[in-house]
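Presented below is the structure to which this report refers.
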Amino acid sequence: MEENQKIKIGIIGTGRIAKRFLPELQTVNGMELTGVYTPHIESGQAFADQYQIPYWETKEEFFSKVDAIYIASPHKTHIPYVMEALLAGKHVLCEKPMALQEEDAARAIALAKEKHLVLLEGIKTAYTPGYQKILELIHSGVIGKVGEVEACFTKLEQKDRRELTDLETGGSLLELGTYPLLPILDILGEGYTELRFRQILAENRLDLYTKVSFSYPNAMAEAKVGLGYKSEGELVITGEKGYLRVEAPWWKSERIHVCFEDRSQNQSYQEVFLGDGLRYEITFFRDMIQELQKKKEGIGIEENRKRLFTAYQKAGRRSIQSAKVIGQFLQEKYKSKV
């Protein structure tokens with residue numbers, strides 16, 4: 001792929017998120033949609049007709065037409081498609097959760113590194129201006145040492161939807177968990193000493209509402225997710241000097257407040273969140289692919305490359321840690337059925 005050549009990207013999957021992806025992709029320069037693949041011919045052809053793009057009936061033909069792939073298929077198919085795409089030499093942007101087990105995430109990231117390809121889990125919040133502002137404030141020390149991170153993401157889902165009927169990969173944590181895990185792992189890291197899950201279950205044993213509690217040597221965290229119960233979708237970060245509160249929906253990170261004992265010192269920030277937000281992860285994905293190409297050609301600005309690669313490596317470690325939490329949750333879930 002030449003430096004100024006557009007990145008040809010194809011989509012695997014035709015669900016709701018794939019339909020939201022298309023208008024977001026159109027806002028990002030340097031990307032060209034070249035078609036869709038799904039083993040379900042009828043839905044694939046209908047999707048292609050609706051959006052006037054090619055439908056490829058075989059993976060081999062699909063892979064031959066693209067430089068990069070966006071995986072928007074059901075959760076359990078993510079890792080198999082990721083591995084196939086990487087082995088075919090394609091960059092991959094995969095919907096969350098990328099993996100349901102730590103070992104699978106680590107294996108995929110190692111393969112991408114070996115093949116000199118980009119593999120990114122699609123967590124749009126991580127790349128928004130507001131979330132970057134949150135991390136900037138925390139790292140500035142304005143609220144002092146962080147003692148707790150509390151993040152909540154709930155949305156009431158229709159009971160006949162996949163999220164509440166798929167007994168293998170449905171439920172609140174698998175659907176929403178990567179979002180509240182994002183600030184916890186970014187701010188407090190992976191050195192927790194205890195992990196505890198508490199749930200409200202539906203009759204089919206899928207979790208309608210789950211709390212994940214983390215204990216660290218000198219800090220704590222709590223992630224709350226729900227598809228059957230509604231709660232305030234805030235992010236609160238507790239510090240020694242003050243606290244940071246992000247208004248609901250915090251995953252858009254538009255309204256950020258830094259609060260102190262002396263309220264006259266409080267600060268508020270208004271940040272931008274455009275469209276559905278997927279454009280932010282797509283832009284980062286594009287930038288990484290382009291920077292890898294520049295590195296191969298021995299061009300580009302080293303400082304920019306270092307900053308981008310540092311963020312990319314952090315994203316990879318976070319994907320592995322998120323998969324570790326999900327894997328432990330699934331392990332405990334299956335034990336409870338015995």
(request) For F197 and D207, run side-chain contact (heavy atoms from CB on, under 4.5 Å): C-alpha distance rounded to whole Å, both residues' side-chain angles, the deciding distance at 0.1 Å, then the answer. (result) CA-CA 11 Å; F197 303 94; D207 59 311; over 6 Å; no
State whether the side chain of [X] and the backbone N or O of [Y] hold a donor-acceptor pair below 3.5 Å, judged by distance alone.
| X | Y | result |
| --- | --- | --- |
| Y216 | G189 | yes |
| T210 | V225 | no |
| R286 | N29 | yes |
| K90 | F63 | yes |
| D276 | L278 | no |
| Y55 | T38 | yes |
| H78 | I71 | no |
| D104 | P80 | no |
| T193 | S215 | yes |

(message) Under a plain distance cut-off of 3.5 Å, with no hydrogens placed, do Q267 and Y269 share a side-chain donor-acceptor pair?
(response)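 A donor-acceptor contact under 3.5 Å links the two side chains.
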Quick one: do [X] and [Y] end up in the same hydrophobic cluster if we chain Ile, Leu, Val, Met, Phe, Trp and Tyr together by side-chain heavy atoms under 4.5 Å apart?
| X | Y | answer |
| --- | --- | --- |
| I109 | M83 | yes |
| L330 | V212 | yes |
| Y229 | Y179 | yes |
| M220 | L235 | no |

(request) May I ask you to check whether Y131 and Y127 place their ring centers less than 6.0 Å from one another? (result)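 So the answer is no for these two rings.
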Ion pair present between [X] and [Y], side-chain N to carboxylate O less than 4.0 angstrom?
| X | Y | answer |
| --- | --- | --- |
| R307 | E291 | no |
| E190 | R317 | no |
| E32 | K8 | no |
| E175 | R161 | no |

(message) Tell me whether the count of non-hydrogen atoms from other residues, nucleotides or ligands lying under 6.0 Å of CZ in R198 goes above 12.
(response)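 Above 12, so yes.
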(message) Within the supplied structure, the quantity of interest is the number of heavy atoms (other residues, nucleotides, ligands) at a distance under 6.0 Å from K314 NZ; does it exceed 12?
(response)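 Count over threshold, so yes.
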(request) Specify the closest pair of heavy atoms between L176 and T154, including all atoms of both residues, with the distance to one decimal. (result)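 Of all heavy-atom pairs spanning L176 and T154, the closest is CD1-CA, 4.3 Å.
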(request) Please report the closest heavy-atom contact between A108 and L86, naming both atoms and the distance. (result)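 The pair with the smallest heavy-atom distance is O-CD1, 3.5 Å.
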(request) Evaluate the side-chain contact (heavy atoms from CB on, under 4.5 Å) criterion for residues N218 and K145: first the C-alpha distance (whole Å), next the side-chain angles of each, then the deciding distance (0.1 Å), finally the verdict. (result) CA-CA 10 Å; N218 287 296; K145 182 181 177 182; 3.8 Å; yes
(message) Do E95 and Y70 have side chains that approach each other closer than 4.5 Å (heavy atoms only, starting at C-beta)?
(response)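 Answer yes - side chains close enough.
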(message) As a quick check of understanding, evaluate ring pair (Phe, Tyr, Trp, His ring centres under 6.0 Å) for Y51 and F47, giving each step before the final call.
(response) CA-CA 6 Å; Y51 294 102; F47 186 91; 4.9 Å; yes
(request) Share the residues that join Y243 in a hydrophobic cluster, the rule being Ile, Leu, Val, Met, Phe, Trp or Tyr side chains under 4.5 Å apart at the heavy-atom level. (result)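 Under the 4.5 Å side-chain rule, Y243 groups with V236.
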Can I get a per-line list of side-chain donor-acceptor pairs under 3.5 Å for residues 110-123, giving both atom names and the distance, sequence neighbours left out?
unit_1	atom_1	unit_2	atom_2	d
E121	OE1	S319	OG	2.7
E121	OE2	M98	N	2.9

(request) Return the orientation label for the F214 and Y192 ring planes: parallel under 30°, perpendicular over 60°, tilted otherwise. (result)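 Rings of F214 and Y192: perpendicular, as their planes differ by over 60°.
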(request) Begin from the C-alpha positions of E302 and R305 and carry the test salt bridge (Lys or Arg N to Asp or Glu O under 4.0 Å) through to its verdict. (result) CA-CA 5 Å; E302 188 61 34; R305 181 176 300 142; 3.1 Å; yes
